[in-house]
Amino acid sequence: MFEASFTGVLKTILIILLVYFGFKLLIRWFGPLILKYFMRKVGKQFEQQFNQQQPYNSRKKEPKVSVDKKSSTKPRSNKTVGEYIDYEEID
């Protein structure tokens with residue numbers, strides 16, 4: 001087995017930090033460019049899908065829908081709920 005030396009561990013940590021900060025810098029510089037590229041690509045795909053749909057005027061006419069309303073009077077129940085008791089609050 002290999003033994004971990006202090007210099008080996010230190011080199012590994014420095015390489016990890018260098019890769020991390022390098023990646024962070026690259027994303028800061030090239031991130032907006034990459035994002036613009038993908039947004040244009042998605043926008044073009046959306047535009048193509050939108051243009052493939054039939055225009056609104058050439059769609060088939062939908063049949064008329066009629067809604068029959070029920071009578072406006074509400075049915076009343078014949079059940080007696082109970083006796084009404086008037087009360088006063090006491091402070």
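V19 forms part of a hydrophobic cluster together with I15, judged by ILVMFWY side-chain heavy-atom separations under 4.5 Å. L14 shares a hydrophobic cluster with F6, L10; the chain of contacts runs through ILVMFWY side chains whose heavy atoms sit under 4.5 Å apart.
Transitive grouping of hydrophobic side chains (ILVMFWY, heavy atoms separated by less than 4.5 Å) keeps F30 and F21 in distinct clusters.
For the side chain to side chain donor-acceptor pair (under 3.5 Å) condition, the pairs that include at least one residue of residues 6-27, sequence neighbours left out, are S5-T7.
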Enumerate donor-acceptor pairs with a distance under 3.5 Å from any side-chain N or O in residues 31-44 to protein atoms, sequence neighbours excluded.
none

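Partners of L25 according to the side chain to side chain contact (heavy atoms under 4.5 Å, CB included) rule, which considers only residues two or more places apart in sequence or in another chain, are W29.
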